[in-house]
Amino acid sequence: MKGIGLLIKIIIAIVLGIAIGSFSNEWWIQLFATFNGLFGNFLGFVIPLIILGFIAPGIGSMGRGAGKLLGLTGAIAYTSTISAGVLAFIMAKSIYPTLLSGQSLKAFSDPSEGLSKAFFEVEMAPLMGVMTALLLSFVIGLGIASIKGDTLLRFTEEFRDIIHLVIEKVIIPLLPFHIFGIFANMTYAGQVSTILSVFAKVFVMIVILHILYLTVQYTVAGTLSKQNPFSMLKRMLPAYFTALGTQSSAATIPVTLKHTKTLKVRDRVADFTVPLLANIHLSGSTITLVSCALAVMFLQGDTATFSAVFPFILMLGVTMVAAPGVPGGAVMAAIGLLESMLGFGPTMVSLMIALYLAQDSLGTACNVTGDGAITSITNSLSKNKNHTETEQVEAL
């Protein structure tokens, strides 16, 4: 199973869950529900640690070095990520009432009421709340950047490495079993046909949004650099397809960097911005997360208003900073916000994970391909400025 990608494992888990859930008795379904309960509680325990482990070292390390170029790149990347989330919200609000018409998990306020319960539960209380973890991450990260504290930065980076291992060695390998249990339970409860229908429809909408947003990004980049945007996009296709396979922006950095340099950007700018953007520019992942979250809310019967979702999008752009270079890192970082800001319960979170991970590679591919456009835009905007930024990058 080691040679099988996560997406294939998830597909196998869904198929097996549906198959076994269709003929299993109540005892087996409760056994699966028990595992899901334990795993879900562990996930709840780890979420604040994930936020602290990702954001504190991310902000601390980004606060050093290239001064104005860092600020310019960060501002453009954050604006791009937030704009992607707003686009996804507008499209989902416009299309879902027709696309997902007549579909619902159950006529319950909580979909989990239709599912079998676990044999027992083990409470795993998190060390702190989600907002506490966010605030503490900002305080530590900004503090590290201000005092240039190498010791504390190394500590937070080592803590991030530990959390990275927890995700890579524990959470990600167990996710297919978790999704298997969810789908077996939903099949037993008679809910699975709705979910599969949603998977297909949301998947198609997300792919269209990714293509549309990349077209917008490269149109802006091409206009500023006086190049053909479609030619620029074509040159970045190797990075796109590499990301489809790796499902990791970090793992795709060498390919992204090589092909970004073909977009007529200065080497020193590309060498600085591409690794940075791999951690902070997540437009594709944001489109996927917002689209999937609104689909799950629609299934539950919740009304998603812009005033409720926009703060979630704003925080999402920060929370995913320095998300680990492993499949599913973005959704792991977002779970705390889904629970605290959008009111997601355990079943909704599980559906969100399944929906997101089934399309994770496409979101990552959109992220890294967009990094080329953001680098080109940054290069164009900084070209006529004083070369202080270039000298600072050279000193790194």
Whether S231 side chain and Q227 backbone form a donor-acceptor pair below 3.5 Å: no

T156 and R160: CA distance, side-chain angles, deciding distance, side-chain hydrogen bond (donor to acceptor under 3.5 Å, both in side chains) verdict: CA-CA 6 Å; T156 57; R160 177 191 61 200; over 6 Å; no

ILVMFWY cluster, F45 and M128 together (side-chain gap under 4.5 Å): yes

Shortest non-hydrogen separation from S291 to M205 and the atoms involved: OG-CE, 3.5 Å

Euclidean distance, L337 CG relative to I313 CD1, rounded to 0.5 Å: 11.5 Å

Hydrophobic cluster identity match, F241 and L362, side-chain contacts under 4.5 Å: yes

T369 side chain to C366 backbone, donor-acceptor under 3.5 Å: no

Y78 atom OH: more than 12 heavy-atom contacts under 6.0 Å: yes

Test of ring centre spacing under 6.0 Å for F306 and F89: yes

Under 3.5 Å donor-acceptor, Q217 side chain and I374 backbone: no

Enclosure of F159 CZ (heavy-atom neighbours >12, cutoff 6.0 Å): yes

Common cluster, I208/L294, ILVMFWY with side-chain heavy-atom separation under 4.5 Å: no

Any side-chain donor near an acceptor of the partner, S382 and R266, under 3.5 Å: yes

Step-by-step ring pair (Phe, Tyr, Trp, His ring centres under 6.0 Å) determination, Y218 to F230: CA-CA 7 Å; Y218 278 90; F230 296 103; 9.4 Å; no

Heavy-atom donor-acceptor pair, T81 side chain to L282 backbone, under 3.5 Å: yes

Check against side-chain hydrogen bond (donor to acceptor under 3.5 Å, both in side chains), N367 and S285: CA-CA 7 Å; N367 292 340; S285 295; 2.8 Å; yes

Expected output: side-chain S376 to main-chain G372 donor-acceptor under 3.5 Å: no

From CG (N379) to CG (L263), nearest 0.5 Å: 9.5 Å

Y213 side chain vs S80 backbone, donor-acceptor pair below 3.5 Å: yes

